[in-house]
Amino acid sequence: MTIGERIKSFRSLKQLTQKALAERSGVSEIAIKKYESGERTPKPAQLKKIAQALNLSESIFKIKTTELETVGDAMALFLLLYKKVGILPTYDHDKNGDIDPNTLKLHFTNKRMNAHIAEFLINYRKESFTLDFINQQYQKGNITREEYDQQFHMTKGIYELIEQEYMEDKSLLDD
């Protein structure tokens, strides 16, 4: 989800128009429209104003702006998790005694991390189910495009807030 999509989701969740968000944040309505459409990306100062107007932490917009684009990017993240957080791979061996990549599984030695991941996966399934239901209702003609957009963005906003709670957990990893 892009920053603009997040802004739109949270704005919808708070039941604000673009004009109302502009008034609350001090960012122009035209800028809000351009951010939400993906035409422009807000500068940090504008993002801070928008986050404050929506009563959110700026981190909800920043954390996912780093993209993993290459296998090397993903491997750097894996190595960081492996060395610093205690992610443990388990696997089976193939007939030659080599690691069978198709059997690779990862888990953390930290019970709190595992609990948060399990909770996230449960919520992710709920989000997917809800979005599928909204899409089906739209496809069947039971809701209008406007209702679909509002329900979609409200659902995404709710689950983004849940994710933010996970990301703001300040408990130490080494317990």
Side-chain angles (χ1 to χ4, degrees), residues 1-13 35-44 47-48 50-51 54 56-140 148-149 151-175:
M1 191 175 236
T2 66
I3 291 174
E5 290 169 331
R6 286 171 193 256
I7 292 170
K8 184 174 183 177
S9 290
F10 291 120
R11 180 182 58 76
S12 295
L13 184 63
Y35 299 154
E36 288 186 2
S37 70
E39 189 178 328
R40 287 183 41 202
T41 301
K43 293 180 181 171
L47 198 56
K48 182 176 184 173
I50 291 168
L54 293 170
L56 298 169
S57 166
E58 288 176 74
S59 65
I60 194 91
F61 297 111
K62 293 179 182 177
I63 288 178
K64 292 187 179 176
T65 58
T66 301
E67 297 293 327
L68 294 175
E69 296 177 354
T70 67
V71 173
D73 294 342
M75 283 303 299
L77 178 59
F78 169 76
L79 292 170
L80 179 65
L81 292 170
Y82 183 80
K83 292 177 180 179
K84 300 289 184 182
V85 184
I87 194 169
L88 293 177
T90 59
Y91 45 84
D92 293 331
H93 294 276
D94 63 17
K95 62 184 178 185
N96 298 323
D98 296 325
I99 294 173
D100 181 351
N102 296 319
T103 65
L104 187 63
K105 295 178 182 158
L106 302 173
H107 73 279
F108 289 89
T109 57
N110 183 285
K111 292 178 184 176
R112 187 173 290 113
M113 284 294 299
N114 288 327
H116 276 326
I117 291 169
E119 199 174 318
F120 164 78
L121 293 171
I122 290 166
N123 284 320
Y124 182 78
R125 287 180 62 201
K126 288 178 186 176
E127 177 188 19
S128 295
F129 175 80
T130 303
L131 293 175
D132 286 346
F133 178 77
I134 293 167
N135 191 44
Q136 288 171 9
Q137 293 302 303
Y138 177 68
Q139 295 298 326
K140 291 177 181 176
Y148 168 84
D149 285 343
Q151 291 178 20
F152 176 87
H153 288 290
M154 286 180 75
T155 299
K156 292 300 267 181
I158 289 167
Y159 287 99
E160 290 283 336
L161 287 172
I162 292 169
E163 285 183 22
Q164 181 179 2
E165 285 182 34
Y166 297 135
M167 293 182 282
E168 291 180 350
D169 184 344
K170 302 293 185 211
S171 55
L172 298 176
L173 287 168
D174 57 355
D175 38 312

Measure the [atom1]-[atom2] distance between [X] and [Y] for me, rounded to the nearest 0.5 Å.
{"X": "Ile134", "Y": "Thr155", "atom1": "CD1", "atom2": "OG1", "value": "3.5 Å"}
{"X": "Glu36", "Y": "Ile50", "atom1": "CD", "atom2": "CD1", "value": "8.5 Å"}
{"X": "Thr41", "Y": "Leu47", "atom1": "OG1", "atom2": "CG", "value": "10.0 Å"}
{"X": "Thr90", "Y": "Leu104", "atom1": "OG1", "atom2": "CG", "value": "7.0 Å"}
{"X": "Gln151", "Y": "Asn135", "atom1": "CD", "atom2": "CG", "value": "11.5 Å"}

The criterion is side chain to side chain contact (heavy atoms under 4.5 Å, CB included); which residues satisfy it with [X], sequence neighbours excluded?
{"X": "Tyr124", "answer": "Phe120, Glu127, Ser128"}
{"X": "Phe108", "answer": "Leu81, Val85, Ile87, Met113, Asn114, Ile117"}
{"X": "Leu79", "answer": "none"}
{"X": "Ile162", "answer": "Asn123, Ile158, Tyr159, Tyr166"}

Next item on the list: For residues Ser9 and Gly157, report the shortest heavy-atom separation together with the two atoms involved.
Entry: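 Minimum heavy-atom separation between Ser9 and Gly157: CB-N, 3.8 Å.
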
Notebook entry, point to check: Shortest non-hydrogen contact from Ser12 to Met154?
Noted result: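 So the two residues come closest at O-CG, 3.7 Å.
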
Item checked: Partners meeting ring-ring contact (aromatic ring centres under 6.0 Å, His included) with Tyr82 (sequence neighbours left out) ->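 Result, ring-ring contact (aromatic ring centres under 6.0 Å, His included) vs Tyr82: Phe78.
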
Notebook entry, point to check: Sequence neighbours excluded, which residues qualify as side-chain hydrogen bond (donor to acceptor under 3.5 Å, both in side chains) partners of Gln136?
Noted result: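 side-chain hydrogen bond (donor to acceptor under 3.5 Å, both in side chains) list for Gln136, sorted by chain: empty.
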
Is there a side-chain contact between [X] and [Y], using heavy atoms and a 4.5 Å cut-off?
{"X": "Ile7", "Y": "Pro42", "value": "yes"}
{"X": "Lys156", "Y": "Leu131", "value": "yes"}
{"X": "Asp92", "Y": "Asn102", "value": "no"}

Next item on the list: Would you mind listing every salt bridge (Lys or Arg N to Asp or Glu O under 4.0 Å) that reaches into residues 94-104, with sequence neighbours excluded?
Entry: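 Every candidate salt bridge (Lys or Arg N to Asp or Glu O under 4.0 Å) pair involving residues 94-104 fails, so no pair, neighbours aside, qualifies.
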
Notebook entry, point to check: Who passes salt bridge (Lys or Arg N to Asp or Glu O under 4.0 Å) against Glu5, sequence neighbours left out?
Noted result: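 Glu5 satisfies salt bridge (Lys or Arg N to Asp or Glu O under 4.0 Å) with no residue once adjacent residues are dropped.
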
Checklist line | His93 and Tyr91 aromatic ring geometry - parallel, tilted or perpendicular at 30°/60° bounds | finding: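 Plane angle over 60°, so perpendicular.
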
